[in-house]
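To keep things clear, I will list the structure first and then write my remarks on it.
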Amino acid sequence: MTSLPSVLGDLDPTSDRAVFRQIADQLREAIDRGRFKEGEKLPSEAELVEHYGVSRMTVRNSFSVLTGEGLVHAEHGKGVFVRPRPPVRRLASDRFARRHREQGKSAFIVEADAAGSHPQVDSLEVKEEKASQDISTRLGSVRRVLARRRRYLLDGKPVEFATSYLPLDIARGTQIAEPNPGPGGIYARLEELGHHLDHFEEEIRARMPSPVEVRTLQLASGVPVIHLIRTAYDTEKRAVEVCDTVMAADAYVLSYQLPAN
């Protein structure tokens, strides 16, 4: 590790900013400048106590600030490490391209391949159920739906979970209602059933996770989630699927290409 004086500066005794926040500021800047790389261990509590001449509690408070920002994570008995940057680039303009379905690939597999990661799906549940008011409205006032719930993992780590809702008159008795919908996923099956996809609409917001989401995605402290609701429309302008997805924000970069005219 590079010597601390060359990486971290000195405290400003004239500043009204709390000492632990000054230390957090310097560590954050060092991370942003790449002086501490992804996955690299930060200086220990003892090293920072010696460098700054402060108490262990002050250093711990500094680490807590950075943990709350999602920049670092602590490993019991090992230290505090710089959190890796998001490995998956979710390119909205390409992920649902028909050529991927024709190649038998779902959007998640395409993105995992691009990231050089191994994709997995677990916690799969497929069942018919009553539609919530929101889902019913989005799907054109349907009463019951086929719900497909699943969790997605990259290299064994949970990164998102999603539920797809489809009208029963479309999905019941088809391969969409099977645990494995086949190559290309449910969108390929929808098109085989005559519902050729025309466009998708997405609503995205960022928020802090619920306790259930923390457990499901195994989120570290301070990591938010991306909540995305997507509606798929066929060429007859019918909503044929709503997908409610919650993603670990530290696993994804959302990438968009927007027209200039």
Side-chain angles (χ1 to χ4, degrees), residues 38-41 66-92 94-96 100 104-127 129 132 135 146-166 176 178-187 200 202-230 232 241-255:
E38 294 180 28
E40 184 176 343
K41 182 181 177 182
L66 299 179
T67 299
E69 295 173 356
L71 285 178
V72 304
H73 69 281
E75 296 185 13
H76 184 69
K78 295 182 179 180
V80 178
F81 296 81
V82 179
R83 184 177 295 281
R85 302 297 185 187
V88 181
R89 181 169 294 275
R90 184 184 183 279
L91 183 59
D94 179 74
R95 66 191 315 265
F96 297 123
H100 298 317
K105 293 184 176 182
S106 67
F108 184 68
I109 291 177
V110 170
E111 292 166 348
D113 288 348
S117 297
H118 174 63
Q120 293 174 272
V121 178
D122 71 2
S123 304
L124 180 65
E125 178 187 50
V126 183
K127 67 176 184 177
E129 63 186 38
S132 69
I135 296 300
L146 179 78
R148 297 183 55 89
R149 294 181 173 85
R150 64 275 190 199
R151 184 175 68 164
Y152 294 96
L153 302 89
L154 288 176
D155 300 325
K157 175 178 171 51
V159 293
E160 68 175 84
F161 64 88
T163 303
S164 288
Y165 301 95
L166 300 102
I176 294 172
E178 300 296 324
N180 182 357
I186 62 175
Y187 291 153
F200 302 88
E202 293 186 339
E203 300 173 9
I204 303 172
R205 65 189 179 104
R207 58 174 172 78
M208 296 308 295
S210 70
V212 171
E213 291 165 348
V214 170
R215 291 193 298 271
T216 302
L217 294 175
Q218 300 174 14
L219 298 172
S221 175
V223 176
V225 292
I226 300 168
H227 188 184
L228 183 150
I229 299 178
R230 178 179 65 252
E241 182 239 15
V242 173
C243 187
D244 189 329
T245 303
V246 176
M247 299 180 282
D250 62 347
Y252 286 92
V253 171
L254 306 186
S255 180

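Numbers here are sequence positions counted from 1.
I186 has its side chain within reach of S164: a pair of non-hydrogen atoms, C-beta onward, lies under 4.5 Å apart. With a 4.5 Å cut-off on side-chain heavy atoms, V246 and R207 count as touching. A 4.5 Å side-chain heavy-atom check between M247 and Y152 finds every atom pair outside the cut-off. Proximity of V223 to H73: side-chain heavy atoms (C-beta onward) are nowhere separated by under 4.5 Å. Side-chain contact between Y165 and R149: present, with at least one pair of heavy atoms (C-beta onward) separated by less than 4.5 Å.
Nearest heavy atom pair, residue H227 against residue D244, reads NE2-OD1, 2.8 Å. Smallest separation of non-hydrogen atoms from V225 and E213: CG2-OE1, 4.1 Å. The heavy-atom pair separating V126 from P179 by the smallest distance is CG2-CA, 4.3 Å. Of all heavy-atom pairs spanning L154 and P119, the tightest one is CD2-CA, 4.2 Å. Nearest approach of A147 to T163, heavy atoms of both residues: CB-CG2, 4.2 Å.
For the pair K41 (side chain) and K78 (backbone), a donor-acceptor distance under 3.5 Å is present. For the pair R148 (side chain) and L124 (backbone), a donor-acceptor distance under 3.5 Å is absent. In this structure, the side chain of D155 engages the main chain of H118 through a donor-acceptor pair within 3.5 Å.
The line from CZ of F200 to SG of C243 is 10.5 Å long, rounded to the nearest 0.5 Å. With values rounded to the nearest 0.5 angstrom, K127 atom NZ is found 11.0 Å from L146 atom CG. Interatomic distance, R205 CZ to L228 CG, rounded to the nearest 0.5 Å: 11.0 Å. Here the CD1-CG distance, from I226 to L254, works out to 4.0 Å after rounding to the nearest 0.5 Å. With rounding to the nearest 0.5 Å, the separation of CZ in R150 from CD in Q120 is 16.0 Å. Expressed to the nearest 0.5 Å, how far CZ of R230 lies from OG1 of T245 amounts to 5.5 Å.
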